[in-house]
Amino acid sequence: MIGESYLEIGLVSFITSFVFGLGGLGSAVALIPILVFLGIPFSIARPAGLFTNFVSTFSATLHNLKKGVVDFKLALPVAITAILAAPLGAYFSHFVSEKVVGIAFTLFLFFAGTMIYIPKKELFKEESSITLPILTGLVAGFISGFLGVGGGGLISPILIVAGFNPKKVATVTAFAVSLSSFTGFLTYLKMGSVDWSITLLAAFPAGIAGYLAAFIGHKYLKPQYLKKILGVIFFLLGIKFLMKFV
């Protein structure tokens, strides 16, 4: 029975990490509730999900760095400001209704997903001023800290709506999420709430899945197709948060 549970955890981690990894996103938002459904206590599932996020997106980032496709002028401002803004969001979560911010976030995800499927000429933006990535990181970091979720679910749709190439968005998101997930995991590690047997069991297949997703996304998927995959992911995230906040 235990062996079957371990197999289920590994399989679920691989599938969710691969699907979300195609868009440069971590899978914790889907993996954590599935782990809880499989009988893992939430206090154990949450750090396991964060570490899995880190491993899958870091693995994808290693592939992207090897191929030289990470735009650091876009990625660094997003990642740094997101990390700085996350504690601020966590602080303000004590004073503002989580439901209000959660519903606003949900509506934005549905908006971003809808915008992807509105027919229009595809002219992807390759450059921007420093203002957009800084604002993207601040907003994503603040809301991720406020809601206790990964920032990738906001970084990716903001940059997509702004008109960036989905392949570039995937690499930037993976880079930023790997850093934010690792810093979040360290907090749980310090509190001593990490079950390494469950965490590593979920993380190992996620590392393979993340690298494989980055390879397939970069080499075989056209930007238009990757953008549509991201649209589906935004809708799935929106449904998940709709169930939580409405």
Side-chain angles (χ1 to χ4, degrees), residues 1-63 79 82-83 86-87 89-90 93 98 102 105 140-141 143-156 173-214 233 236-237 239-241 243-244:
M1 188 71 178
I2 294 177
E4 289 180 2
S5 297
Y6 282 176
L7 180 62
E8 289 174 347
I9 292 171
L11 186 61
V12 164
S13 177
F14 181 87
I15 293 172
T16 55
S17 295
F18 177 79
V19 172
F20 281 79
L22 289 172
L25 297 164
S27 63
V29 69
L31 180 61
I32 292 173
I34 294 175
L35 290 178
V36 172
F37 176 78
L38 291 175
I40 307 299
F42 182 71
S43 59
I44 300 299
R46 194 165 186 177
L50 275 174
F51 190 74
T52 300
N53 252 22
F54 162 68
V55 171
S56 63
T57 53
F58 181 72
S59 175
T61 298
L62 287 178
H63 170 273
I83 291 172
S93 66
E98 183 186 66
F105 178 35
I143 294 184
S144 67
F146 190 96
L147 299 177
V149 299
L154 260 171
I155 293 170
S156 183
T173 305
F175 179 82
V177 171
S178 66
L179 296 178
S180 62
S181 296
F182 184 68
T183 55
F185 172 76
L186 289 178
T187 303
Y188 288 98
L189 184 62
K190 188 176 180 180
M191 294 188 300
S193 57
V194 177
D195 182 326
W196 280 110
S197 61
I198 299 297
T199 300
L200 292 177
L201 185 65
F204 180 73
I208 299 173
Y211 194 94
L212 185 62
I233 291 175
L236 291 175
L237 289 173
I239 292 170
K240 195 268 184 185
F241 281 100
M243 295 170 63
K244 178 178 180 180

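When a residue number appears, it is its place in the shown sequence, counting from 1.
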- [ ] Assign the ring pair F182 / F54 to parallel, tilted or perpendicular, where the plane angle (0 to 90°) is split at 30° and 60°.
- [x]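 Tilted.
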Where do [X] and [Y] come nearest, in terms of heavy atoms and distance?
X    : Y    : answer
P87  : I83  : CD-O, 3.1 Å
A60  : G210 : CB-O, 3.6 Å
L201 : P205 : O-CD, 3.0 Å
A176 : I155 : CB-CD1, 3.7 Å
S156 : L25  : CB-CD2, 4.0 Å
P33  : K240 : CG-CE, 4.3 Å

Can you tell me how far [atom2] of [Y] sits from [atom1] of [X], rounded to the nearest 0.5 angstrom?
X    : Y    : atom1 : atom2 : result
I40  : D195 : CD1   : CG    : 7.5 Å
N53  : L31  : CG    : CG    : 8.5 Å
L186 : F51  : CG    : CZ    : 9.5 Å

Open item on the list: Please check this pair: side chain of T52 against backbone of A48, looking for a donor-acceptor N/O pair closer than 3.5 Å.
Closed with: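 Pair found, side chain donor or acceptor close to backbone of A48.
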Open item on the list: Looking at T57, is its backbone amide N or carbonyl O close enough to the side chain of S178 to form a donor-acceptor pair, meaning the two atoms are under 3.5 Å apart?
Closed with: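 No; zero donor-acceptor contacts below 3.5 Å.
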Any [X] side-chain heavy atom under 4.5 Å of [Y] side chain:
X    : Y    : value
F185 : V194 : yes
F42  : I32  : yes
Y6   : I198 : yes

Task: L236: side chain to side chain contact (heavy atoms under 4.5 Å, CB included) partners, not counting sequence neighbours - done: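 L236: side chain to side chain contact (heavy atoms under 4.5 Å, CB included) contacts with V232.
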Output a table of donor-acceptor pairs, distance under 3.5 Å, between side-chain atoms of residues 13-20 and any protein atom two or more places apart or on a different chain; print 'none' if there are none.
residue: S13; atom: OG; partner: A202; partner atom: O; Å: 2.4
residue: T16; atom: OG1; partner: V12; partner atom: O; Å: 2.8
residue: T16; atom: OG1; partner: S13; partner atom: O; Å: 3.3
residue: S17; atom: OG; partner: S13; partner atom: O; Å: 2.7
residue: S17; atom: OG; partner: S27; partner atom: OG; Å: 3.2

